[in-house]
Structure formats: C-alpha cells, structure tokens
Amino acid sequence: MQAIAQSHPNIALIKYWGKRDAVKNLPAVDSLSLTLGGLWTNMKVGFSSNFNRDELLINGVKDEPNLSRVSQCLDLVVGKNRDFARIESECNFPISAGLASSSSSFSALVVAANMAINKKSDIQLFAAQAGSISGSAARSLMGGIVELTNTSNTIKIKQLSKAKRWPLSVVIAITDKNKKSISSSRAMNLSSRSSPFYSAWIENQSPDMKEARLAVINKDFEKLAAVSEHNCLKMHSVMWTTKPSVVYWNAATLNCMHALRDLQQSGESVFFTMDAGPQIKAVCLPENEARIEKRLAEIDGVVSIMKSGLGGAPSSDISL
Ligand code: PMV
C-alpha cells in the first residue's frame with residue numbers, strides 16, 4: 001500500500017481568488033495556468049495498519065502544521081476508515097512562499113494516494129479531489145496550459161496547450177523565502193467579505209478568460225501578456241482593499257515590475273504575474289530568457305532566480 005508521484009506547480013495567468021462554496025472549496029471564478037516543469041514535488045505515501053497516526057515529513061523534517069490538510073486529503077481519497085499513513089514530501093523550491101507549492105503537493109498527494117490503493121486513474125476525479133483541498137492544485141493534473149472551469153457542483157479541467165506546442169519560459173525572481181504572512185485561503189475569505197472591489201472582480205473574470213483562452217489558441221504573446229498582467233493587478237487590488245489589507249509585495253517586487261515594464265518598452269516579449277507572495281514570475285519567450293534573468297538578478301532584494309519551461313502532467317516513474 002505504497003506509491004510515489006511527482007507533480008509540478010502551476011501559476012495562474014487568469015487567477016482564482018475567492019470561493020463560491022467554502023465547505024467544498026469550490027472557486028468563485030474560472031482560471032487559467034501554466035505548469036512549471038523545472039519545479040517539482042515528489043510525494044511518497046504508504047498506508048499500514050501498524051501505524052498509529054499519520055506522519056508527514058517535508059524534505060526529511062517532521063512537519064505538524066501541514067499535517068491536518070494532508071490527512072484531510074487522504075480521508076477524502078481513501079475514506080475516513082483508512083489505515084494511517086506515512087507521507088514523505090520533497091520539494092525543489094521554497095514552500096508556502098507564493099510559489100504554488102500547494103498545487104504540486106496536493107496534486108502529487110492525490111495521485112500517489114489513489115495509486116497506493118490501486119484506484120484507476122481518473123483525471124477529472126483527481127482534479128476534484130485535489131481542488132477540494134487547494135483550489136489551484138486541480139490545474140496541476142494536466143501539463144502545459146490548463147483552464148479550470150466551474151460546473152454546477154464541481155470543477156472541470158482542460159488542457160488548452162501541450163507544453164511543447166508553445167514553449168514559454170518563466171523566470172522567477174525570489175524576493176523573500178519566508179512563509180507568507182497570511183494563507184491564501186484565509187485571505188480570500190476576508191476579501192470576499194470586505195473588499196469593495198470583490199464583486200467587480202468576479203463579474204469581470206469571464207471576458208479575461210475568453211481573451212486569454214483565445215490568445216493561447218492563437219499563440220498570441222502580446223494579447224496573453226496584456227490580459228494576464230491586468231488580471232493579476234485586479235486580483236492584487238482586491239487583496240489591497242481587503243480589511244485588514246493583504247499586501248504580499250515588498251519593495252523588490254515593485255522594482256522587478258518596473259524593470260519588466262522597461263524591458264517591454266525596449267521590445268522584449270515578457271510579462272509579469274504575482275500570486276499570494278512577493279515573488280515575481282516573468283513569463284517570456286525562450287529567446288528572451290537570458291536578458292530577463294540578467295536584469296532581474298541585478299535588482300536589490302532579489303535573493304535568487306529560478307527558471308522553468310512548461311511541464312507535463314504528474315508522473316509516477318520516480319523514486320525517493
Ligand atoms: O490554491 P490556493 O488555495 O493556494 O489558492 C491559490 C490562489 C492564487 O495562487 C493566488 C491564484 C491561483 O489561481 O493560483
């Protein structure tokens with residue numbers, strides 16, 4: 001009763017922020033994301049009747065804060081009467097810091113847990129299971145560029161573009177490796193209750209989805225850039241106007257944004273996006289990657305740079 005899976009995090013270009021059902025963790029809006037092939041989480045899950053509690057290790061260190069969500073996810077996949085499990089997670093990037101570690105972690109956990117109990121692969125079911133723990137995790141069940149849409153009582157994912165069809169690059173400027181001050185789940189609940197911009201955010205998501213979907217289908221970088229930056233800034237405006245205000249950015253985040261705007265002015269094909277954290281993700285064409293990396297690395301407060309192409313769906317042919 002043991003299995004291992006590897007999954008990649010995804011970053012949303014058209015963001016999810018807010019829930020239409022907090023109990024089922026259903027998102028209030030549709031979303032669209034890129035899967036980051038260079039970043040990964042490996043997850044090993046083993047069930048045994050000899051264990052007397054669930055145990056979680058992250059990068060070799062016993063972890064209690066994340067255990068309850070992990071146990072909740074296993075209850076959902078296997079059932080509440082299951083054996084206890086030992087879960088070992090390895091991640092090649094900082095976790096809980098706005099780099100979408102929950103998307104790779106919970107998608108890998110769902111795949112590994114289903115494999116451990118010999119369940120047949122069912123991507124939409126796995127997406128629903130992963131999504132009910134972390135909204136963004138559902139999008140990591142397919143590679144390349146993925147859209148998540150809401151149906152009446154669940155979600156649906158669809159691959160819009162395979163990784164190789166449109167090979168984009170993502171340069172990530174890490175400006176703070178510490179854990180975020182407030183979890184995205186808690187912050188989005190506060191936003192829905194207190195931001196005066198929240199309803200406008202929800203109402204304007206469909207046109208952004210339509211534009212981004214079309215840009216992906218036509219491989220239109222400029223169109224994708226414009227709608228993605230705008231959607232990101234709208235989400236952060238909702239965060240900023242939440243009571244109490246949720247500001248994930250730091251000075252380096254802003255300086256990176258300005259630098260990328262300058263590069264755009266000088267003709268580089270690049271755009272930025274940020275999630276619930278201060279890291280900047282610069283999406284560009286592969287031929288622009290080196291120049292973008294060089295410019296971001298010069299900025300005060302950038303502590304490290306990671307680069308990634310687009311990645312595929314979770315895999316299980318790895319070892320820990
Ligand atoms: O999946 P969660 O609960 O960590 O929420 C993710 C929210 C954002 O990353 C900010 C946006 C998104 O669509 O991924």
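Not measured: the values here are computed from a predicted model. As the structure lists them, so they are numbered: ligands from 1, and atoms in each ligand from 1.
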Q: Over 60° means perpendicular and under 30° means parallel, so classify the ring planes of W166 and F221, tilted if in between.
A: perpendicular

**Q.** Qualifying residues under side chain to side chain donor-acceptor pair (under 3.5 Å), relative to S140, sequence neighbours excluded
**A.** N10

Q: Classify the side-chain pair T154/K24 by whether it contains a donor and acceptor separated by less than 3.5 Å.
A: no

Q: For the pair W17 and Y248, name the ring-plane relationship: parallel under 30°, tilted 30 to 60°, perpendicular over 60°.
A: perpendicular

Q. Considering the options K281, R261, K234, K223, which one meets the salt bridge (Lys or Arg N to Asp or Glu O under 4.0 Å) requirement together with E229?
A. R261

For ligand 1, output the ligand-protein N/O contacts shorter than 3.5 angstrom; if there are none, return none.
from: ligand 1; atom 1: 1 (O); to: S134; atom 2: OG; distance (Å): 3.0
from: ligand 1; atom 1: 1 (O); to: G135; atom 2: N; distance (Å): 3.4
from: ligand 1; atom 1: 1 (O); to: S136; atom 2: N; distance (Å): 2.9
from: ligand 1; atom 1: 1 (O); to: S136; atom 2: OG; distance (Å): 2.6
from: ligand 1; atom 1: 4 (O); to: S102; atom 2: OG; distance (Å): 3.3
from: ligand 1; atom 1: 4 (O); to: S184; atom 2: OG; distance (Å): 3.1
from: ligand 1; atom 1: 13 (O); to: Y16; atom 2: N; distance (Å): 2.9
from: ligand 1; atom 1: 13 (O); to: R139; atom 2: NH1; distance (Å): 3.0
from: ligand 1; atom 1: 13 (O); to: R139; atom 2: NH2; distance (Å): 3.3
from: ligand 1; atom 1: 14 (O); to: R139; atom 2: NH2; distance (Å): 2.7

Q) Is it the case that more than 12 heavy atoms not belonging to K219 sit under 6.0 Å from its NZ atom? A) yes

